[in-house]
Number of protein chains: 2
Amino acid sequence: MSTPSPQAVTIRDVAHAAGVHVSTVSRALNPERRGLISEEVLRVVEEAAQRLGYRPNRAAAALRTGRTRTIGVLVPDITNAVFPPILQGIEASASARGYFVFVTNVVDHALARPIVERMMAQKVDGVVLAIATRDDPLLDFLRQAGMKAVLVNRADESGRLPAVVSDDRLAMKLAVDHLVGTGHRRIAHLAGPQDVPTGVARRQGVEQALRDRGLPLAAEAECDSYSREAGRRAMAQLLAQHDRPEAVVCCNDLVALGAYDELRARGLRVPQDISITGHNDMPLVDMVDPPLTTIRLPHRELGWRAAEMLFDEIEGRALSASTVVLRPELVVRESTCARTG
Amino acid sequence: MSTPSPQAVTIRDVAHAAGVHVSTVSRALNPERRGLISEEVLRVVEEAAQRLGYRPNRAAAALRTGRTRTIGVLVPDITNAVFPPILQGIEASASARGYFVFVTNVVDHALARPIVERMMAQKVDGVVLAIATRDDPLLDFLRQAGMKAVLVNRADESGRLPAVVSDDRLAMKLAVDHLVGTGHRRIAHLAGPQDVPTGVARRQGVEQALRDRGLPLAAEAECDSYSREAGRRAMAQLLAQHDRPEAVVCCNDLVALGAYDELRARGLRVPQDISITGHNDMPLVDMVDPPLTTIRLPHRELGWRAAEMLFDEIEGRALSASTVVLRPELVVRESTCARTG
DNA sequence: GTGAAAGCGCTAACAA
DNA sequence: TTGTTAGCGCTTTCAC
């Protein structure tokens with residue numbers, strides 16, 4: 001049972017061993033065409049392939065068919081805890097369907113286009129993008145090049161590409177309603193970057209939810225990134241320019257934790273002085289001090305669904321929906337409390 | 001400037017446009033062989049390639065050369081915060097050298113072998129493994145198949161494959177020395193799974209460090225995985241079977257947080273009643289209550305170095321070292337305090 | 001310094 | 001139902 005040396009056994013070897021022609025082997029080993037083969041030959045071929053340890057050379061098949069059974073995934077920052085579960089969902093779907101996944105970190109958005117071009121040279125069958133900015137020219141490029149693509153986490157507002165997203169407006173409504181329901185009135189928002197679809201949608205969600213309750217937005221500051229440092233800076237700015245709000249709805253957990261940092265530095269207590277809410281329910285935010293009230297997203301499902309949509313498109317099945325919107329849910333912890341006037 | 005439709009422009013088109021033979025184009029566009037080409041022709045070919053938007057078809061090159069400029073990475077769980085920075089390091093190295101990275105989550109270790117086989121069919125040039133168990137038969141399989149491979153994070157004790165790891169024994173020594181130096185004497189260990197190299201090395205590190213200080217190991221319990229739940233169970237077990245220690249050195253941050261859970265449930269305070277140390281310095285452990293004293297690893301560098309070693313091997317450069325050991329460092333926070341008595 | 005030609009391993013018309 | 005044949009796009013030996 002010694003394993004043959006690299007690239008030993010090819011389809012020709014199997015054909016030879018089975019006493020049939022290579023094309024017969026090819027058919028026998030292709031699930032879609034094995035119906036054309038007689039029981040007897042099928043058995044012989046499979047036995048030979050098994051015995052020789054035959055593994056079809058994907059590069060050769062790719063060259064011939066133009067399909068590689070690989071996809072690319074572009075994420076902005078894999079160390080951001082939002083993305084690993086999304087990737088896991090994508091990978092689980094891919095693995096179940098016999099695809100491999102190229103993962104790339106797109107550190108600088110200007111690098112996205114060359115990365116996509118390299119992926120096209122690599123002949124990936126499609127890409128999942130977790131990096132779209134608003135009005136991203138990359139999407140036009142992909143369409144023009146005929147590359148199959150699905151967005152995840154961030155939607156394309158102009159609907160050029162299918163997307164799987166969480167309902168950001170609903171998410172913020174859940175946060176605002178929780179705060180209003182527990183007696184908060186002066187509610188502020190730490191908004192995300194406004195060149196990213198999620199940043200815009202969440203801000204609109206907060207504003208709409210407050211309007212629905214007949215309340216004004218007490219104050220607002222914009223973070224230049226979804227990071228703890230940006231959150232801290234924005235919180236400082238907000239406190240410098242406005243009366244202190246009773247609660248701050250944050251666009252993201254990291255930003256909320258940055259707000260914690262700034263409040264702690266100023267000797268203000270959460271939630272006694274200010275209630276804080278986050279968004280994402282990152283790992284460990286249940287263990288910070290105080291445990292963060294936040295919005296939980298079905299990240300893994302986001303990735304899974306996006307990948308399934310992409311494979312449907314690649315394999316020519318009808319696309320059921322162009323944009324899939326998943327429901328987030330509120331997780332109440334101890335960074336929010338009841339206000340009684 | 002309309003982008004050509006998928007798979008439009010090939011090396012033949014460029015040759016035609018430049019008025020030379022395809023083989024000349026191939027040479028001109030290959031950095032290693034362009035020395036053979038005259039200035040003049042080089043210029044013409046490059047201009048034509050540029051103008052037509054030529055991108056070499058990697059699948060075709062792969063079939064011809066047997067090299068794909070892709071590598072595979074196997075991680076046990078991408079949602080474990082240890083791995084994203086490692087992946088980032090790998091990806092940064094790969095990207096700089098023109099490689100793409102297939103990432104797969106190996107949920108069940110029994111799936112590792114078939115995944116590696118699929119990767120071999122995909123003709124990856126090598127693999128980085130973050131999943132080796134002790135005496136893993138997978139390593140023999142890889143060697144026998146002639147697949148280039150480098151281990152990361154977990155070393156192979158029998159030295160079958162090169163590896164890049166952190167010094168686990170030193171890490172535990174740093175923790176123990178810190179505790180002894182701050183007056184702790186009754187020191188216990190929450191050990192990692194003993195079928196994983198890191199679990200064994202860290203336990204040995206704790207035992208050795210205590211021996212060096214002339215102290216006994218006050219108590220020990222083994223976790224069946226590197227998870228918060230396992231940490232909690234092990235902590236419960238430890239408290240049930242032994243007198244309460246003054247400090248517990250944990251094999252990992254998640255396990256340490258599980259210990260927090262159990263202690264809190266019993267009304268015990270960290271660090272007043274028991275000091276706790278972790279390992280990894282995961283994101284946010286500086287924000288938990290109390291902020292965790294732990295060991296910081298150069299995760300990104302671990303990944304980077306492993307990838308560089310793999311590329312050196314793939315590209316036939318001499319391997320400088322078979323096992324690279326990086327230095328961890330102690331990060332003191334508030335889960336440990338001085339004991340006076 | 002450049003061209004000619006063969007062939008990597010596979011799949012898919014087409015023929016029988 | 002099976003075999004024959006051509007060729008996917010590229011690299012590389014060999015010849016000039």
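Order of the sequence lines sets the chain letters (A, B, ...), proteins ahead of strands, with each chain counted from 1. From a predicted model like this one, the values you see are computed outputs, not experimental measurements.
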Next on the checklist: Quick test of your reading: applying salt bridge (Lys or Arg N to Asp or Glu O under 4.0 Å), list the pairs with at least one residue in residues 126-146 of chain A, sequence neighbours left out, ordered by first then second residue.
Outcome noted: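 The answer is A:R134-A:E157, A:D140-A:R160.
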
Next on the checklist: Can you pull out every salt bridge (Lys or Arg N to Asp or Glu O under 4.0 Å) where at least one residue sits in residues 61-88 of chain A? Sequence neighbours excluded, please.
Outcome noted: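 Qualifying pairs: A:R67-A:D125.
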
Next on the checklist: Just to verify, what does B:F83 make a ring pair (Phe, Tyr, Trp, His ring centres under 6.0 Å) with, not counting sequence neighbours?
Outcome noted: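 B:F83 satisfies ring pair (Phe, Tyr, Trp, His ring centres under 6.0 Å) with no residue once adjacent residues are dropped.
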
Item to check | Any residue meeting ring pair (Phe, Tyr, Trp, His ring centres under 6.0 Å) with B:F311, in chain and number order, not counting sequence neighbours | outcome: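 Only B:Y99 meet the ring pair (Phe, Tyr, Trp, His ring centres under 6.0 Å) criterion with B:F311.
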
Checklist entry - Between C:dG1, C:dG9, D:dT2, which one does the side chain of A:N57 approach most closely? => result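 So the nucleotide nearest the side chain must be C:dG9.
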
Item to check | Closest listed nucleotide, where the reference is the side chain of B:L36 and the choices are D:dC8, D:dT2, C:dT2 | outcome: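 Taking heavy atoms from C-beta onward, the closest nucleotide is C:dT2.
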
Protein-nucleotide distance ([X], atom [atom1]; [N], atom [atom2]), rounded to Å:
X: B:L29; N: D:dG9; atom1: CG; atom2: P; answer: 16 Å
X: A:H16; N: D:dG3; atom1: NE2; atom2: P; answer: 14 Å
X: A:R55; N: C:dG9; atom1: CZ; atom2: C1'; answer: 16 Å
X: B:R12; N: C:dG3; atom1: CZ; atom2: P; answer: 14 Å
X: B:R43; N: C:dG1; atom1: CZ; atom2: P; answer: 17 Å
X: B:K123; N: C:dC10; atom1: NZ; atom2: C1'; answer: 12 Å

Checklist entry - In a check of side-chain contact (heavy atoms from CB on, under 4.5 Å) between B:L310 and each of B:K148, B:R305, B:E315, which one passes? => result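 So, applying the side-chain contact (heavy atoms from CB on, under 4.5 Å) to B:L310 and each of B:K148, B:R305, B:E315, only B:K148 qualifies.
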
Checklist entry - With a 4.0 Å cut-off on heavy atoms, is B:L63 in touch with a base, just the backbone sugar-phosphate, or nothing at all? => result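 Touches a base.
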
Checklist entry - For the helix from C:dG1-D:dC16 to C:dA16-D:dT1, what is the angle between the axes at its two ends, each from 5 pairs, rounded to 10°? => result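 Taking the rotation axis at each end, their angle is 30°.
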
Checklist entry - Looking at residues at least two apart in the chain, or sitting in another chain, which of them share a side-chain hydrogen bond (donor to acceptor under 3.5 Å, both in side chains) with B:T104? => result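 In terms of side-chain hydrogen bond (donor to acceptor under 3.5 Å, both in side chains), with neighbours along the sequence ignored, B:T104 is linked to no residue.
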
Next on the checklist: List the residues meeting side-chain hydrogen bond (donor to acceptor under 3.5 Å, both in side chains) with B:E46, not counting sequence neighbours, and say none if there are none.
Outcome noted: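 Here the qualifying residues are B:R34.
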
Checklist outcome for this item: Contact string for nucleotides 11-16 of chain C, one letter per nucleotide 5' to 3', B = base within protein heavy-atom range under 4.0 Å, S = sugar-phosphate only, - = neither, reads BBB---

Next on the checklist: Run the salt bridge (charged side-chain N to carboxylate O under 4.0 Å, His left out) test against A:R300 and tell me which residues pass, sequence neighbours left out.
Outcome noted: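 For A:R300 there are no salt bridge (charged side-chain N to carboxylate O under 4.0 Å, His left out) partners, ignoring immediate neighbours.
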
Item to check | A:H16 atom NE2, over 12 foreign heavy atoms within 6.0 Å | outcome: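 Count not over threshold, so no.
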
Checklist entry - When the nearest nucleotide of DNA chain D is assigned to B:T24 and to B:A59 on a heavy-atom basis, which residue is associated with the more 5' position? => result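 Nearer the 5' end of the strand: B:A59.
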
